[in-house]
Novice: 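Below are the structure tokens for one structure; questions will follow.
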Amino acid sequence: MEKSFFIAGDGCRIAYRLDGPAEAPVLLLSNSLGTDMGMWAPQMDAWTRDFRVLRYDSRGHGASACPAGAYSIDRLGRDAVELLDALGLAAVHFCGLSKGGMVGQWLAHRAPERLRGLVLANTSAYMGPPSGWQARIEGVLADGMAPLADASLGRWFTPGFPATNPGAVAPIRAMLLANDPAGYAGCCAAIRDMDQRPTAGLNHSRTLIIAGSEDPSTTIADAEFLLNRARDARLHILPAAHLSNVECPADFAAAVAGFLA
Ligand SMILES: O=C(O)CC1=CCC(=O)O1
């Protein structure tokens, strides 16, 4: 997959890619922890009919650089804003899943003028306790990505899904295993240190919240928290675990496209 690059404000090299008609409205996509822009493959055919789709690899993931040390939600949010600045885009539609949705929450609070429609999928304003993230950081830095794989896929998909959909799950597993542990750990630290609950009520953007009925990581209660604080939000629940766009590709694509239309 051919990717372009821009340099974020702190010098980090970040990969992005544009697909779809040049004149269509831009839809910016932000990936989850442990994946990269390839996680949106199940939606690309549908979305590139109506949107100029702008995907990027979150720092620490995919082809983007993996600076050592802790990242922050503020830094991850600025990466999205600086990508828009680099491409001269004033305001775009945004869809982020999990960590990507945490970036979306940050944008709603810190850069709402850059948002048209906002989709927050399988995400949460807070994912405590910090000790769990600290243990994950220490584990991945000591032992690499492989020991995380089975437990992660167990949270990302409902129990029967991998066996019946190996072609959908194999690329996701490969993305997770390809992560540089330093980049994965840097993003874990951003989630460890994040608490966007106090600012959730400042989301005045038109928002679609997507949740998975079987998601053990970011629950329906987490989605309802965001829903109840936002000024203009609706909730769409899919029969899925955490990577709802992979488990319910067509429904996810249609829900987002219908909301943004
Ligand atoms: O892998 C997990 O624990 C689920 C998750 C948390 C943030 C994210 O993007 O995925």
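Whatever order the structure lists ligands and atoms in, that order sets their numbers, starting from 1.
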Novice: Heavy-atom contact check, 4.0 Å cutoff: does Tyr184 meet ligand 1?
Specialist: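 The answer is no, since Tyr184 has no heavy atom less than 4.0 Å from ligand 1.
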
Novice: Please determine if Trp156 has a nitrogen or oxygen closer than 3.5 Å to a nitrogen or oxygen of ligand 1.
Specialist: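 Yes; the residue has a nitrogen or oxygen that sits under 3.5 Å from a nitrogen or oxygen of the ligand.
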
Novice: With a cut-off of 4.0 Å, which atoms of ligand 1 are near a heavy atom of Ile191?
Specialist: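 This gives 7 (C) as the contact atoms.
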
Novice: What atoms of ligand 1 come within less than 4.0 Å of a heavy atom belonging to Trp133?
Specialist: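 Counting atoms of ligand 1 from 1, those under 4.0 Å from Trp133 are 6 (C).
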
Novice: What atoms of ligand 1 come within less than 4.0 Å of a heavy atom belonging to Lys99?
Specialist: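 Listed by number with element, the hits are 8 (C), 9 (O).
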
Novice: Looking at Leu33, which atoms of ligand 1 are within less than 4.0 Å of one of its heavy atoms?
Specialist: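 Near Leu33, meaning under 4.0 Å from one of its heavy atoms, ligand 1 has 7 (C), 8 (C), 9 (O), 10 (O).
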
Novice: Ignoring hydrogens and geometry beyond distance, is a side-chain donor-acceptor pair present between Gln43 and Asn245 at under 3.5 Å?
Specialist: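 Yes - a donor-acceptor pair under 3.5 Å links their side chains.
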
Novice: Under 4.0 Å from any heavy atom of Met127, which atoms of ligand 1 are there?
Specialist: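 Heavy-atom distances to Met127 below 4.0 Å select 6 (C).
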
Novice: At what distance is the nearest protein heavy atom to atom 3 (O) of ligand 1, and which residue and atom is it?
Specialist: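 Ranking protein heavy atoms by distance from atom 3 (O) of ligand 1, first comes Arg136 NH2, 2.8 Å.
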
Novice: For ligand 1, which atoms, with element, lie under 4.0 Å from some heavy atom of Ser32?
Specialist: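 With Ser32 as reference, the close atoms of ligand 1 come out as 9 (O).
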
Novice: My understanding is that only one of Ser72, Ser58, Cys66 makes a side-chain contact (heavy atoms from CB on, under 4.5 Å) with Cys187; could you say which?
Specialist: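 The side-chain contact (heavy atoms from CB on, under 4.5 Å) with Cys187 is passed solely by Ser58 among Ser72, Ser58, Cys66.
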
Novice: So, Arg78 and Asp10, do they make that salt bridge, N to O below 4.0 Å?
Specialist: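 Looking at Arg78 and Asp10, the cut-off is not met.
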
Novice: So, Asp36 and His61: side-chain donor and acceptor under 3.5 Å apart, yes or no?
Specialist: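 No.
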
Novice: Is it the case that Tyr56 and Ser64 place a side-chain donor and acceptor less than 3.5 Å from each other?
Specialist: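 Side chains of Tyr56 and Ser64: no pair found under 3.5 Å.
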
Novice: Can you confirm if the NZ or CZ of Arg136 lies within 45° of the ring axis of Tyr184 and under 6.0 Å from the centre of its six-membered ring?
Specialist: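 Arg136 over Tyr184 ring: no.
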
Novice: Are a donor atom and an acceptor atom from the side chains of Ser244 and Asn122 found within less than 3.5 Å of each other?
Specialist: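 Short answer, yes.
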
Novice: Could you tell me which atoms of ligand 1, counted from 1 in the order shown, lie closer than 4.0 angstrom to a heavy atom of Arg155?
Specialist: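 Atoms satisfying the 4.0 Å criterion: 1 (O), 2 (C), 3 (O).
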
Novice: To which protein heavy atom is atom 7 (C) of ligand 1 closest, and what is the distance rounded to 0.1 Å?
Specialist: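 Protein heavy atom at minimum distance: Ser98 OG, 3.0 Å.
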
Novice: Can you tell me if Asp215 and Thr219 form a side-chain donor-acceptor pair at under 3.5 Å?
Specialist: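 On atom types as modelled, these side chains do not qualify, holding no pair under 3.5 Å.
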
